[in-house]
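FYI, side chains are in, hydrogens and waters are out, and symmetry mates aren't considered; it's all heavy atoms of this structure.
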Amino acid sequence: MVICGIGTADEISGAASQSGNIWNGTWESAWYTLFIQQNGSAIEGYYEPFNLSEHDPGKIQGTLSADGRVFSGISTETGTDTFVISDDQMSYSGVGTVRPNASPNDPGAFTVNATRTSELLDPEHPWNGTWKTDHVINILTQEGNKVTGTHEPLPGIEDDPGVFVGTVSAGGKTLSGIWTETGNFNFSISDDGTFWNGTFYLAEFPSVEPDDWNAAKIL
């Protein structure tokens, strides 16, 4: 069992503000779960429908206004998006379109409303939790500076499940180790504990350029 601490709305908002990346986290709209990663004024993310028979998954990317409140970008379907985050940073609303370069007044425009599901804050064990990439689910458990866990491929992804063994750096920000495919990884967690950016490579190919392994916390 993974033990996680759940922050209150004030704690979540405060943590996001301190990191400066107020859009980081997991969000839910009427039809999708969205996983958003902010890096300064840039945003990338992906969304998964609750019902695959009615909607398609996809990715979003774009930039923020100078005050960080307004996101403008595009989605996989080449539609435009404009979202505005709420004052308490717990929801956002806006307009999306289904055509490239369309304006919010386009006849095909639709409204978007999403709510932050929660960001799990545990300063003593920031690596605890369930993490999601575009290929796998990782479930990690941290005890002191040791982390163990598993990874399972998402439905439709051809990959093997495996286990993690890693060590956290003295500052708690970096996790390095191996997983069962004899691969090596190195992850760096965000200040607010909602995502990591990292790389990995197979031990049998040490000279090959490492691949990206980035994940967002969902539980």
Table please: side-chain donor-acceptor pairs of residues 156-163 below 3.5 Å, with sequence neighbours left out.
none

Beyond-backbone contact of L52 with P57, side-chain heavy atoms, under 4.5 angstrom: yes
Tested for side-chain contact (heavy atoms from CB on, under 4.5 Å) against F35, the lone hit among W131, Y46, W27 is Y46
Atom pair OG1 (T76) and CD1 (I60), whose distance is rounded to the nearest 0.5 Å: 9.0 Å
Do V147 and F195 share a hydrophobic cluster, counting only Ile, Leu, Val, Met, Phe, Trp and Tyr and linking them when any side-chain heavy atoms are less than 4.5 Å apart? no
Salt bridge E48-K132, side-chain N to carboxylate O under 4.0 Å: yes
Given the rule that I, L, V, M, F, W and Y join up when any side-chain heavy atoms are under 4.5 Å apart, are V168 and F185 in one cluster? yes
Nearest heavy-atom contact between I189 and P126 is CD1-O, 3.5 Å
If only atom types and distance count, is the side chain of R116 paired as donor or acceptor with the main-chain N or O of Q89 below 3.5 Å? yes
When rounded to the nearest 0.5 angstrom, what distance separates CG in N128 from CD in Q142? 6.0 Å
Which of parallel (below 30°), tilted (30 to 60°) and perpendicular (above 60°) describes W31 and H55? tilted
Where the side chain of S75 meets the backbone of K59, is there a donor-acceptor pair that is under 3.5 Å apart? no
For the pair S91 and T115, evaluate side chain to side chain donor-acceptor pair (under 3.5 Å) and give the outcome as yes or no after the intermediate values. CA-CA 4 Å; S91 64; T115 303; 5.6 Å; no
Looking at residues at least two apart in the chain, or sitting in another chain, which of them share a salt bridge (charged side-chain N to carboxylate O under 4.0 Å, His left out) with D106? R99
Less than 4.5 Å apart, side chain to side chain, heavy atoms only: is that true for T26 and T33? yes
List in chain and number order the residues that pass ring-ring contact (aromatic ring centres under 6.0 Å, His included) with F50, two or more places apart in sequence or in another chain; answer none if no residue qualifies. none
Checking side-chain polar atoms at under 3.5 Å, does N197 have a donor or acceptor matched by the opposite partner on S188? no
Could you go through T130 and I137, starting from their C-alpha distance and side-chain angles, then the distance that decides it, and tell me whether this counts as side chain to side chain contact (heavy atoms under 4.5 Å, CB included)? CA-CA 7 Å; T130 301; I137 290 286; 3.7 Å; yes
Exceeds 12 heavy-atom contacts within 6.0 angstrom, atom CD of E44: no
Under 3.5 Å, side chain of R69 to main-chain N/O of I85, donor-acceptor pair present? yes
Measure from the side-chain N and O atoms of N214 to the backbone N and O of G198, and report whether any donor-acceptor pair falls under 3.5 Å. yes
Assigning hydrophobic clusters by single linkage (Ile, Leu, Val, Met, Phe, Trp, Tyr; side-chain heavy-atom cutoff under 4.5 Å), is Y47 placed with V98? yes
Identify the heavy atoms of G40 and L64 that sit nearest to each other, and give their distance. O-CD1, 3.8 Å
Between I74 and I43, is there a shared hydrophobic cluster once you connect ILVMFWY residues whose side-chain heavy atoms come closer than 4.5 Å? no
hydrophobic_cluster_shared for F164 and F200, side chain cutoff 4.5 Å: yes
Measuring from atom CD1 of I22 to atom CD1 of I36, what distance do you get when rounded to the nearest 0.5 angstrom? 11.0 Å
Side chains of T174 and W196: does their closest heavy-atom pair fall under 4.5 Å? no
Closer than 3.5 angstrom, by distance alone: can the side chain of K173 be matched with the main-chain N or O of F187 as a donor-acceptor pair? no
State the OG-CG distance between S29 and L34, to the nearest 0.5 angstrom. 5.5 Å
Just by distance, no angles: are the side chains of T148 and T141 close enough, under 3.5 Å, to form a donor-acceptor pair? no
Side chains of T80 and T97 only: does a donor on one sit below 3.5 Å from an acceptor on the other? yes
Apply the test ring pair (Phe, Tyr, Trp, His ring centres under 6.0 Å) to residues W179 and W213: give CA-CA distance (whole Å), side-chain angles for both, the deciding distance (0.1 Å), then the verdict. CA-CA 13 Å; W179 81 100; W213 192 331; 5.3 Å; yes
Are any non-hydrogen side-chain atoms of L154 and V136 less than 4.5 angstrom apart? no
Nearest 0.5 Å please: distance from the OH atom of Y92 over to the CZ atom of F83. 5.0 Å
One pair to check against side chain to side chain donor-acceptor pair (under 3.5 Å): N186 and S176. What are the steps and the verdict? CA-CA 4 Å; N186 194 308; S176 302; 3.2 Å; yes
To the nearest 0.5 angstrom, please state how far the CH2 atom of W127 sits from the CG atom of L175. 5.0 Å
